[in-house]
Amino acid sequence: MHPRLLALLAALLLVAGFGGGAVALLHVADRQDKQGAAQQAREATTVPSAGLDREPNAPPPPAPTPTTAKPAPPTTTDEGPAVVLKGDGIGAFIFGADPDQVIAGLTLRWGPPDGDTGWVPAGTTTYGACPGNVVRAVNWRGFAVLFSDGATPRGQAGVRHFFTWEYQVDDPAHPSPDKGGNRPPLKAANGVTVGVTVATLQRAYGSALELFDEPPGGPQFGVETPEGALYGSLTSLDPGGIVKSIVSGGGCGGD
């Protein structure tokens, strides 16, 4: 074959070869472009966006259930068990007790006393000559508790102690039942108190009651109870007579 023809054929074959490779390369590139686009499309559907594909946050804890406040306990004016008159003291305070404890206890129940003599010479009180060297009387209206450092039926000499209580009507000239005031009206467990009649005393104590008229005290009564003796003054010994005072404990002279 003619050399020029051979050269021409070779050139054509070379161009054809390169052209086929180029076409193949173009097909490969096109396929890769398509695969890349598809991959990008897939990734676009799986890449999180604004957290919408994340697990939702845990719900906030429920608000605490409101509790109903407990109502305050009702107030009461009840001062506790009645403070009764007894032959061995007043209420829980027994003869021989420490003066400060008795005064504090009664003040807690009734409020501040109406009068307090402080410790004074035993012979200078309005209650008469009392035992010991010094005596103290503390009163709430007509009711008084007395303390001494002398020897009494409930205390030894040299030790200050509770030894007597005295209960008087408000007006001895016109005796009547106690209305109380800054303390409740006081009475014995059986109801005996100042202002009641001799007939009431007789019903309460029966044959244990003693009535007598002895100067200078005038008409009086006395009775021995299981706790100790009670005695006092009367307007008269008749059934209609009125109890003016009641006393218990060692007492002072002149009662």
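- In this structure the side chain of Leu201 reaches within 4.5 angstrom of the side chain of Leu234, judged on heavy atoms.
- Considering every non-hydrogen atom in both Leu237 and Phe212, the closest pair reads CD2-O, 3.7 Å.
- A heavy-atom distance below 4.5 Å is not found between the side chains of Arg154 and Phe163.
- Of all the heavy atoms in Gly250 and Pro153, the pair that sits closest is CA-CD, 4.2 Å.
- For Gln156, the CD atom sits in a loose shell: 12 or fewer heavy atoms of surrounding residues, nucleotides or ligands are nearer than 6.0 Å.
- Taking the side chain as every heavy atom from C-beta outward, Phe95 and Thr152 never approach each other to under 4.5 Å.
- The shortest distance between side-chain heavy atoms of Ile242 and Thr197 falls below 4.5 Å.
- To the nearest 0.5 Å, the span separating CZ on Phe221 from CG on Leu230 amounts to 6.5 Å.
- Checked by atom type and distance alone, the side chain of Ser245 never pairs as donor or acceptor with a backbone atom of Gly232 at under 3.5 Å.
- Linking Ile, Leu, Val, Met, Phe, Trp and Tyr whenever their side-chain heavy atoms come within less than 4.5 Å leaves Val84 and Phe93 in two separate clusters.
- Once rounded to the nearest 0.5 Å, the distance linking CZ of Arg109 with CG of Leu106 reads 8.5 Å.
- Between the side chain of Ser148 and the backbone N or O of Pro131 there is at least one donor-acceptor pair closer than 3.5 Å.
- Panel note: side chain Asp88, backbone Gly228; no donor-acceptor pair is recorded below 3.5 Å.
- Here the rule is side-chain hydrogen bond (donor to acceptor under 3.5 Å, both in side chains) with Arg141, and of Asn182, Asp170, Asp178 only Asp170 fits it.
- Counting heavy atoms from C-beta outward, Val169 and Ser176 have side chains that stay 4.5 Å or more apart.
- Under the side chain to side chain contact (heavy atoms under 4.5 Å, CB included) test applied with Tyr167, the options Val247, Asn139, Leu85, Ile90 reduce to a single match, Leu85.
- By the criterion of side-chain heavy atoms lying less than 4.5 angstrom apart, applied directly or through intervening Ile, Leu, Val, Met, Phe, Trp or Tyr residues, Val120 is not grouped with Val159; the two fall into different hydrophobic clusters.
- A distance of 14.0 Å separates NE2 of His161 from CD of Gln101, quoted to the nearest 0.5 Å.
- Not one N or O on the side chain of Trp140 forms a donor-acceptor pair closer than 3.5 Å with the backbone of Gly181.
- Phe147 CZ to Thr164 OG1: the interatomic distance, rounded to the nearest 0.5 Å, is 10.0 Å.
- Side-chain contact check for Pro185 versus Thr193: every heavy-atom pair is 4.5 Å or farther apart.
- Among all heavy-atom pairs drawn from Tyr127 and Ala137, the shortest one is CE1-CB, 3.5 Å.
- Counted within 6.0 Å of NZ on Lys187, heavy atoms from surrounding residues, nucleotides or ligands total 12 or fewer; the atom is thus considered open.
- From Glu224, atom CD reaches atom CG of Leu209 across 12.5 Å, with rounding to the nearest 0.5 Å.
- Side chain of Asp98 to main chain of Asp100: a donor-acceptor pair is present (N/O by atom type, distance under 3.5 Å, no hydrogens or angles).
- Taking the six-membered ring where tryptophan is involved, the planes of Trp110 and Phe143 are perpendicular, since the angle between them exceeds 60° and thus also 30°.
- Around CG of Asn190, the count of heavy atoms belonging to other residues, nucleotides or ligands within 6.0 Å exceeds 12.
- Under the 4.5 Å side-chain contact rule for hydrophobic residues, Ile94 and Leu186 do not share a cluster.
- A single hydrophobic cluster is not seen to contain both Val135 and Val145; linkage of ILVMFWY side chains at heavy-atom distances under 4.5 Å, directly or through other members, places them apart.
- When every heavy atom of Tyr205 is checked against every heavy atom of Ala188, the shortest pair comes out as OH-CB, 4.3 Å.
- The shortest heavy-atom contact between Thr125 and Cys130 is OG1-SG, 3.7 Å.
- Contact check for Ile103 versus Arg136: side-chain heavy atoms found under the 4.5 Å cut-off.
- Using a 4.5 Å heavy-atom threshold, the side chains of Gln202 and Leu211 count as touching.
- Nearest heavy atom pair, residue Ser248 against residue Gly87, reads OG-O, 3.1 Å.
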